[in-house]
Amino acid sequence: MEGGRYGEELDVAVRVVHMACALCQRLQEGLVSGGSGLVKSKDDDSPVTVADWSVQATVSWILSEFFGSQNVSVIAEEDVQTLSQADSAGLLEAVVNTVNECLAGAPKYGLKSPPKSLNTAQVLEAISRCNSEGGPKGRHWVLDPIDGTLGFVRGDQYAVALALIEDGKVVIGVLGCPNYPMKKELLSYHYQYHENMSRLSPPSDDMWERGCVMYARRGSGEAWMQPPIRGDKKFVWPNSARLVRVSSIDDPSLATSCEPVEKANSDHSFTAGLAHSVGLRNQPLRVYSMVKYAAIARGDAELFMKFARTGYKEKIWDHAAGVVIVEEAGGVVTDAGGRPLDFSKGPYLEGLDRGIVVCSGATLHEKIIDAVYASWNSSNL
């Protein structure tokens, strides 16, 4: 990995996200084959899986071992409450086994494995360690082990997101998208189709290869994308990395907007009205999770708007990694009032003005923000 500020942190973050993506791919194939016992519901009825806890434990352990547990502050989505319940013994055992299997493969990614398998208490400790509240001072890692768990459970899109915040600013972001193909023209195919075609194609043919890992460092003016590590290959920088850049389209009538698949936390009616008023004509790209940020960063779409329903608070782990990648790729991310997102207030994006607007460039962004003000003032919201 190239040197410079945050070079070491980005190097480790990219490697561990590659590890996490491989873990998730194996588990998703098991879920699609009927492993419903690997899924639990949280208090808010949202699903959580063996993969969520396993990724969190794996990332937590790697960061703590590399940088020292006393130096690592992690803000992450999952806790051990559900996993520690009496009726979750089988689930906990599956998490422990998955974590140890993943960590045993760490040398493939240039990282160290533990000297011996972690026991149950050590795995629970690694998950529980991710309890930081963040804030305006210091360094805080932000992890969403699986963003888009519904997409994961349904055999669709999801993301593994890891970011580093320093003194309230996102300075590095890594976004693993295990089912998001390197080639845009393959987006319309389900990932299992990619898998089947890759088996039928010659070994050297990566035409049907699925998955990518994207990353960026604040101030570099660059965002990068790498393919996943396949088979017995080892991770070696730069791992066929290539620069990604946002689209140059700034005419709303030519732009493609990303839409969330789930309607639970978003005001789709206002977004639809806004899209109509600004002149969006293209069929939207509907994807789960922070894959929307990946789509904009690499030029597959130009716009993403999210206006939360009343009472819903945006969490920083749902946006941190994607924001820095889009911005370094040339895009713009603000709230609906045109202000930068504030990651200095803890686990939530406090003070958010109405919603979030992600655009491929400043010209399109200005048009969307103007339309937001006009539509908002004329609506009954």
Side-chain angles (χ1 to χ4, degrees), residues 42 44 46 52 56 73-79 130-149 158-175 216 218 257-260 262-268 270-271 274 287-297 303-329 331-359 365 368-369 372-373 376 381:
K42 293 191 282 189
D44 61 358
S46 61
D52 293 85
Q56 187 160 313
S73 165
V74 185
I75 310 165
E77 182 169 16
E78 306 305 337
D79 58 35
C130 304
N131 62 354
S132 172
E133 289 296 312
K137 297 295 182 183
R139 285 189 168 194
H140 309 285
W141 292 92
V142 181
L143 171 68
D144 195 337
I146 294 192
D147 184 47
T149 303
Y158 62 98
V160 177
L162 180 62
L164 178 62
I165 293 176
E166 184 170 63
D167 296 335
K169 304 290 184 184
V170 185
V171 293
I172 65 173
V174 185
L175 202 53
R218 175 69 65 195
S257 175
C258 291
E259 279 191 0
E262 291 301 313
K263 299 183 178 181
N265 299 321
S266 299
D267 188 335
H268 279 239
F270 178 74
T271 306
L274 182 60
V287 287
Y288 292 89
S289 77
M290 260 190 279
V291 173
K292 303 175 193 69
Y293 281 100
I296 292 173
L303 173 65
F304 166 50
M305 303 177 286
K306 185 178 182 186
F307 297 91
R309 294 186 181 277
T310 303
Y312 180 79
K313 295 175 72 174
E314 295 286 352
K315 294 101 173 171
I316 61 173
W317 52 71
D318 287 329
H319 301 280
V323 167
V324 68
I325 291 170
V326 166
E327 289 178 342
E328 294 304 310
V332 181
V333 185
T334 69
D335 66 15
R339 301 180 304 184
L341 305 188
D342 186 354
F343 291 93
S344 71
K345 305 295 186 185
Y348 297 98
L349 287 173
E350 304 287 358
L352 200 63
D353 186 346
R354 291 167 288 186
I356 295 172
V357 177
V358 184
C359 287
H365 180 264
I368 299 300
I369 294 296
V372 168
Y373 275 101
W376 197 274
L381 298 176

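Source: prediction; values computed, not measured.
Atom NZ of Lys137 is separated from atom OG of Ser344 by 10.0 Å, given to the nearest 0.5 angstrom. One distance of note links CG of Leu274 with OG of Ser257; it measures 9.0 Å at 0.5 Å rounding. How far CD of Glu78 is from CG of Asp52: 4.5 Å, rounded to the nearest 0.5 Å. Taken from CD1 in Ile316 to CD in Glu77, the straight-line distance is 11.5 Å, to the nearest 0.5 Å. With rounding to the nearest 0.5 angstrom, the CG atom of Asn131 is 10.0 Å from the CG atom of Asp79. In this structure, the separation between CG on Asp318 and OH on Tyr348 is 10.5 Å, given to the nearest 0.5 Å.
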Under 3.5 Å, which donor-acceptor pairs do the side chains of residues 160-167 form with other protein atoms, sequence neighbours left out?
| unit_1 | atom_1 | unit_2 | atom_2 | d |
| --- | --- | --- | --- | --- |
| Glu166 | OE1 | Arg5 | NH2 | 3.2 |
| Glu166 | OE1 | Tyr6 | OH | 2.3 |
| Glu166 | OE2 | Arg139 | NE | 2.8 |
| Asp167 | OD1 | Gly138 | N | 2.9 |

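Counting all heavy atoms, side chain and backbone alike, Ile369 lies closest to Ala336 at CD1-O, 3.6 Å. For Ile296 against Leu303, the heavy-atom pair with the smallest separation is CD1-C, 3.6 Å. For the pair Val324 and Ala321, the tightest heavy-atom approach, listed with the atom from each and the gap, is CG1-O, 3.4 Å. For Gly322 against Met290, the heavy-atom pair with the smallest separation is N-SD, 3.7 Å. The shortest heavy-atom contact between His319 and Tyr293 is ND1-OH, 2.8 Å. Considering every non-hydrogen atom in both Ser73 and His140, the closest pair reads OG-ND1, 2.8 Å.
Between Val74 and Ser132, every side-chain heavy-atom pair lies at or beyond the 4.5 Å cut-off. Side chains of Trp317 and Pro145 form no contact here, defined as non-hydrogen atoms less than 4.5 Å apart.
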Does the side chain to side chain contact (heavy atoms under 4.5 Å, CB included) test come out yes or no for Phe304 and Val326, once each step is laid out? CA-CA 11 Å; Phe304 166 50; Val326 166; over 6 Å; no
Audit row: Ile356, Leu349, side chain to side chain contact (heavy atoms under 4.5 Å, CB included) steps and yes/no | CA-CA 10 Å; Ile356 295 172; Leu349 287 173; 4.1 Å; yes
Val142 vs Phe343, test: side chain to side chain contact (heavy atoms under 4.5 Å, CB included). Steps then yes/no. CA-CA 10 Å; Val142 181; Phe343 291 93; over 6 Å; no
Verify side chain to side chain contact (heavy atoms under 4.5 Å, CB included) between Arg218 and Glu327, making sure each step is shown before the conclusion.
CA-CA 8 Å; Arg218 175 69 65 195; Glu327 289 178 342; 2.7 Å; yes
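Residue Arg339 is tested with Leu352, Thr334, Asp353 for a side-chain contact (heavy atoms from CB on, under 4.5 Å); the sole match is Asp353.
Of the possible polar contacts, none joining the Lys313 side chain to the Glu350 backbone as a donor-acceptor pair under 3.5 Å is found.
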